[in-house]
Amino acid sequence: MPATLAIPLLQHIGMPARPLVAAGERVLAGQLIAEARGYVSASAHASSSGTVVAIEERPIPHPSGLSAPCIVIETDGADAWAELPEPLADYKSRDPAEIHERIRWAGIVGLGGAAFPTSVKLNPGSQQLIQTLIVNGAECEPYITCDDRLMREHADRILRGVRIIRHLLGAEEVLIGIEDNKPEAIASMQEAVAESGTGHATRVVSLPTLYPSGGEKQLIKLLTGKEVPSNGFPAQIGILCQNVATAAAVADAVLEGRPLTSRYVTLSGRGFAEPRNLEVRIGTLASDLITRMGGIQREIRKLVLGGPMMGFALASPEVPITKAANCLLALTPEESPDPGPALACIRCGKCAEVCPVNLLPQQLYWHARSKDLDKVQDYNLFDCIECGCCAYVCPSHIPLVQYYRYAKTESWARENDRRTAEHARARHEARDARLERLELERQAKLRRKKEALDQKPDIGKTAESAAAGSAAADAKKAIIEAARQRAAAKKKALAEQGMGPRNTRDLSPAQQRLVDVVDARRGAAQRRELEIEDRDP
Amino acid sequence: MADAIGSSPHGAPVNRTDQVMQQVILALVPGTVAMVWYFGWGVLINMALASAFAVAAEAAVMKLRGRPIKSALGDCSALVTALLFAIAVPPTLPWWLNLLGILFAILVVKQLYGGLGYNPFNPAMAGYVFLLVSYPLAMTTWLPPDVPELLEARGLVTLSFMDSLRLIFTGALPLGQAWDAVSSATPLDEMRTQLAQNQMISEIRESPLWGDYGGRGWEWVGNWFLVGGLYLLWRRVITWHIPASMLLGLLLSSGFFWLLDALAYPFPAFHMFSGGAILGAFFIATDPVSACTTKRGQLIYGASIGVLVFVIRTWGGYPDAVAFSVLLMNIAAPTIDYYTQPRVFGHGRSSG
């Protein structure tokens, strides 16, 4: 039992959770300590009993070693559990909304590593008919075996979760994809399928062990032969993918009322005396985990969270294990040698040979290097899944993935700047139009006043001609104003048709949802501002 | 955990540029041994000279550019350029022409464009063509292959190591030998000259100069380079696309004309095993820096070189054409690449 648990408020894609406890409060295991805020968000639970000592910024697992708000719990060792909600064993006869709510309450996110809130993913919208549920039992990366272990030991639990998910989605068939280097897991899952009597709709499929088969789009292609469209998501082609550990967590939440408070983590690398898979409480510090493993046995070069291909090096071991953390690697210098300075690209094309998405990595590299963001997007930068295969085979040891991440981040930043500028311009134009309108109104008012005054003494010819002149000027102004409004409307229509740059088209579904949420918020804020401006004389 | 922050992936890299280049050098060994066997020590002396010149030139430029010299020399790319150049030139080439060609290849074609990876043209071939255009006589003065019948017919002796050295450095022939007798045209040159005199292939091939497919000795050099090429394929240093398409392009175009008129056009195997076809297909056209990089592009690139080799050999001004064809296609490579991009996952073809 670790003495301290640090539970980050943001362990998922979406909005950070809102804390429900305060420092000094006593919490029980399984108690909801932070609730989901907004639609795309996930709640968090205490993973053991103890006292909340602080809600503060702590180092979190992040490539740049950033800190973020965490609920810090000092455990009391009793591991006393809170009262849990009733099991929903009769989920088939209940309102699906209730099941969704339970999954949302349990704080379940995609445990394969993406950490996208499962309740959101399981609600693809009434337009999207899901025919096939794919259960991902292909381990994401070399070294990682936590899903293997789970499938061997908890096949029935996984299948119970799969049945719940299938029921929620109304999927006709279930394909469980497992790589063929895990014969025990395949056997165990097949046995469980046979026992459950769902063999007619559920199939365990053995896949060749070839990284990155565990990637969602790659797995779908392998199992169904279908390709998820470049800027789309699997639900568009009637497929939904769930990791085996996520399915097990769904079973726990629905059938036992247990929230997600722990997960299997692979601890490997030659830095450890013996690689193992451990069930780890969410919030356990990596340093505590290392102690539990008997410490680092050899000199290591890197502590990597995640797999060797896509994980990131930890700046410090004092970071908590989150829901997304599937693996902690203590890599020795032999396992992860310093590649030395990058040499010149000799255009050998090995990168293109191994790219699972059929990109031309070296072209991306040239253009990313020369900061040509348009060109790099022409070569489909945003289809890159950052699997690292290209960098792995590169004979010149060029950190290719780093270049792609750089180009992506720069593109996003540029897009953001463009939107900000667009917004500012729109506001400026609105302001100009308003001022002009007010000025015209003021002049009209003055004129009417003057006319009223003029009419009193005599109706002279001079006044008449003056009135005619100003009427002509008014007509001219009205024409100009009408043209201006037409131009503004056209610009707005173009923007709505999405004539902006392409980098917003290639977002992943998760990013798209985030963008939508932000857009909605921004739209609301803009409306408020305009209202305020309108009221302002 | 000193330099912990680094981008993924974290594993040990599986390939190294210098090892790729070393594999190429290793693969050149069988063909080189065959060349030394048939054409004497001059081949080796040229290789040694070219290597020394190339390494010195590369080091000098790196120093001028303020770049690390060691890593530039460590990648062995200058060495590969030098060896390919030395294999292409005649074994009698004066040392200063060797120097001139290498300086052109390394300084102008490679380093002026930015060094390894940036050169649009194959440096070895550009150096070779530079000399061929400027010094056509010296560049086409080959020795006859060291086959007893051929030497006896001319009353020649095999050049010893010292003879070769003296020839290369001073231009002096062994006593009692004359240039006219010592030198010999390459089989391609011979075939070309004879055809120009309206000889028929069947008559031309009666000379003892000819072997089973190409010239005596020459065809065996080709065979041994083929062995090296297959080794590169096996070690996955190169893929089959460029060599296969280039040889196929050459075979099909020469085969077509041979079928039209077998007396005026040599049969396809002659083209395959003469001149630089095999060497070019496996070692020169496959130079990744200046070749196409997309798979479909490589097929087009290779096939075009093959056809061009036949066209230039048959109707062009020079007997062999591998170097010209490679350079011509080098300049087309970026355009071919642009139009042959592979379909990216999830793009195009309607899914589902």
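By convention in this document, chain letters (A, B, ...) are assigned in the order of the sequence lines, proteins followed by strands, and residues within each chain are numbered from 1.
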Considering only heavy atoms, which portion of [X] lies under 4.5 Å from any heavy atom of chain B: side chain, backbone, both, or neither?
X       : value
I346(A) : both
Q236(A) : neither
K217(A) : both
Q402(A) : both
Q362(A) : side chain
C394(A) : backbone
V304(A) : side chain
P142(A) : neither

*CG of N380(A) to CZ of F345(B): how many Å apart, nearest 0.5 Å?*
13.0 Å
_Once rounded to the nearest 0.5 Å, what's the spacing between atom CG of L360(A) and atom OG1 of T340(B)?_
8.0 Å
*Any idea which of D18(B), V20(B), T17(B) has the most non-hydrogen atom pairs under 4.5 angstrom with chain A?*
T17(B)
_Between L116(B), I238(B), D75(B), T286(B), who has the most heavy-atom pairs with chain A when the cutoff is under 4.5 Å?_
L116(B)
*Against chain B, work out which of G311(A), A344(A), G340(A), C387(A) has the most heavy-atom pairs shorter than 4.5 Å and name it.*
G311(A)
_Pairs of heavy atoms under 4.5 Å with chain B: top-ranked of P308(A), G388(A), G349(A), G307(A)_ = P308(A)
So do the side chains of [X] and [Y] get within less than 4.5 Å of each other, counting heavy atoms only?
X       : Y       : result
S8(B)   : R405(A) : yes
P63(A)  : S7(B)   : no
Q363(A) : T293(B) : yes

*asked:* Assess whether a salt bridge exists between E227(A) and R343(B), defined as any Lys/Arg side-chain N lying under 4.0 Å from an Asp/Glu carboxylate O.
replied: yes
*Please step through side-chain contact (heavy atoms from CB on, under 4.5 Å) for the pair E353(A) and T239(B), ending with a clear verdict.*
CA-CA 10 Å; E353(A) 279 169 39; T239(B) 60; 3.4 Å; yes
*CA sep, side-chain torsions, deciding dist, call: H10(B), L329(A), side-chain contact (heavy atoms from CB on, under 4.5 Å)*: CA-CA 10 Å; H10(B) 303 283; L329(A) 297 175; over 6 Å; no
Need one label for [X]: side chain, backbone, both or neither, based on atoms under 4.5 Å from any heavy atom in chain A.
X       : result
D287(B) : neither
S77(B)  : neither
V344(B) : both
A291(B) : backbone

*Is atom CZ of R65(B) surrounded by more than 12 heavy atoms (other residues, nucleotides or ligands) closer than 6.0 Å?*
yes
*Just wondering, are more than 12 heavy atoms of other shown residues or ligands nearer than 6.0 Å to CG in L230(B)?*
yes
*Heavy-atom pair with the smallest gap, counting every atom of P9(B) and Y392(A)*: CG-N, 4.0 Å
*Over all heavy atoms of both residues, which pair between R347(A) and V289(B) is shortest? Give the atoms and the distance, please.*
NE-O, 2.8 Å
*Would you say the side-chain atoms of S230(A) pair up with the backbone N or O of G346(B), donor to acceptor, closer than 3.5 Å?*
no
